[in-house]
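Contents: one structure, followed by commentary.
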2 protein chains.
Amino acid sequence: MKLKPSLKDVKSCPMQYVLAINDTLNVFNGKWKMPIIGSLLFDKKRFTEIQRNIPNITPRMLSKELKDLEANGVVRRVVYDSIPVSVEYELTESALLLSDVVDKMLEWGLQHRKSTFNSKR
Amino acid sequence: MKLKPSLKDVKSCPMQYVLAINDTLNVFNGKWKMPIIGSLLFDKKRFTEIQRNIPNITPRMLSKELKDLEANGVVRRVVYDSIPVSVEYELTESALLLSDVVDKMLEWGLQHRKSTFNSKR
DNA sequence: TAATTCAGTATACAAAAGTATAGCGATATA
DNA sequence: TATATCGCTATACTTTTGTATACTGAATTA
């Protein structure tokens, strides 16, 4: 992609693109989504396991964010009807592909730190 | 990068990486940063121009967010000591490279929409 | 029988983010 | 002289986001 888009480029940017970028940003929104995704990256976990994994998260927040991530197709909630029922949370296939995005974020962040703050933070 | 990292991979992830990713996320944080960056993408602008460009933003928010973006090395504030002084805001070189990140976000968002919601939103 | 675990929910509250509205000092224009 | 523009700041308020704490019902363990 060009560094500076022309005005024509900008104006022809379809609404679908804006929505898609927004979706991606939503995946990381708030204080807890990143930690939760990180916790599920290695493998699927149960509610209490995730809670133990993430210091200071309250069950209220964990519950809320898991629902949010599920609604956004990032996390899958799997119920095993054993007795007692056990519930597992896992990342979707789509979520695993987020690594491409995170890689680019890492890349930009590193170069930005180097070129802009030059070891000042 | 691999889809599923090993536990060793995860544990060896340096703190610097976490910070770098965080920096990148901060650039897009909140309701107005994306529109502001978008507004400056085509060319530099003055305070009131940006305000006219972004519907419903209040001067308080614009001022706050511009300061924030400046502190984060994304926007540069240039003062011309003409009479009266005019102030222009422009993206830094580093900020222009954000297009790489946004591209990936777009890519993921589009595939995610297609594979997950199949034209349901 | 009593305490513990699981997978959460309910309620109240505090803090952060965003909005609404008015105003300022300096200049410029009618 | 009166009004408008520029680049903001100040104050008060609302909304959203996150925290603290307690609790639930079903099952399990001591």
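Numbers restart at 1 for each chain; the letters A, B, ... are given by sequence-line order, proteins then strands. This one's a predicted model, so the numbers in the text were calculated from it and none came from an experiment.
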Side-chain H-bond candidate by donor/acceptor type, A/Asn26 with A/Asp23, under 3.5 Å:
no

With a 3.5 Å distance limit and no angle check, can you tell me whether A/Trp108 reaches the backbone of B/Ser99 through a side-chain donor-acceptor pair?
no

Just how far, in rounded Å, is C1' of D/dT19 from CG of A/Asn56?
10 Å

Between A/Lys31 and D/dT19, is there a contact of a side-chain N or O with OP1 or OP2 at under 4.0 Å?
yes

Contact list (N/O, under 3.5 angstrom) for nucleotides 26-28 of chain D vs protein:
unit_1 : atom_1 : unit_2  : atom_2 : d
D/dT28 : OP1    : A/Ile83 : O      : 3.3

Closest to side chain of B/Phe47, choosing from C/dG8, C/dG18, D/dC8:
D/dC8

A/Glu49 CD to C/dG8 P: how many Å, rounded?
13 Å

B/Arg60 has a side chain; which of C/dC6, D/dG7, D/dT11 sits nearest to it?
D/dT11

d(CE, A/Met34; C1', D/dG18) in whole Å:
19 Å

Protein-nucleotide distance (A/Asn29, atom CG; C/dA16, atom P), rounded to Å
17 Å

Output yes when at least one side-chain N/O atom of A/Thr48 is less than 4.0 Å from OP1 or OP2 of C/dA7, else no.
yes

Examine C/dT9: is either OP1 or OP2 under 4.0 Å from a nitrogen or oxygen in the side chain of A/Lys67? Give yes or no.
yes

Distance in angstrom units between A/Leu62 CG and D/dT17 C1', rounded:
16 Å

For the pair A/Ser86 (side chain) and A/Ser82 (backbone), establish whether a donor and an acceptor sit closer than 3.5 Å, ignoring hydrogens and angles.
no

Exam field: side chain B/Thr116 to backbone B/Arg113, donor-acceptor pair closer than 3.5 Å:
no

Thinking salt bridges, do A/Arg76 and A/Glu90 make one under a 4.0 Å N-O criterion?
yes

Apply side chain to side chain contact (heavy atoms under 4.5 Å, CB included) to A/Leu66 and A/Arg77, showing your working.
CA-CA 9 Å; A/Leu66 282 172; A/Arg77 183 176 182 270; over 6 Å; no

Classify the angle between the aromatic ring planes of A/His112 and A/Phe117 as parallel (below 30°), tilted (30 to 60°) or perpendicular (above 60°).
perpendicular

OP1 or OP2 of C/dG8 versus the side-chain N and O atoms of A/Arg77: is any pair under 4.0 Å?
yes

Using OP1 and OP2 only, check whether a side-chain N or O of B/Ser63 sits under 4.0 Å from D/dC8.
no

Tell me the interatomic distance from A/Trp32, atom CH2, to D/dT17, atom P, rounded to whole angstroms.
16 Å

Between atom CG in A/Asp81 and atom P in C/dA7, what is the gap in whole Å?
14 Å

Hey, which sits more toward the 5' end of DNA chain C by its nearest nucleotide, B/Pro59 or B/Glu65?
B/Glu65

Taking NZ, NE, NH1 and NH2 as the nitrogens, is one of them in A/Glu107 or A/Lys104 under 4.0 Å from a carboxylate oxygen of the other?
yes

Go ahead and write out DNA chain D as dot-bracket, 5' to 3': ( ) for pairs within the strand, [ ] for ones crossing earlier pairs, | when the partner sits on another strand, dots for unpaired; Watson-Crick or G-U wobble, both distances under 3.5 Å.
||||||||||||||||||||||||||||||

Would you mind reading off the distance between B/Arg46 atom CZ and C/dT27 atom C1', rounded to a whole angstrom?
12 Å

Check this for me, if you would: do A/Asp68 and A/Lys33 make a salt bridge, where the nitrogen-to-carboxylate-oxygen distance has to be below 4.0 angstrom?
yes

NZ/NE/NH1/NH2 to OD/OE distance under 4.0 Å, A/Lys44 and A/Glu88
yes

Ignoring the backbone of A/Arg52, work out which of C/dC6, D/dC8, D/dG7 is nearest its side chain.
C/dC6

Nucleotide nearest B/Tyr89 (side chain, heavy atoms from C-beta), chosen from D/dG7, D/dC8, C/dT19
D/dC8

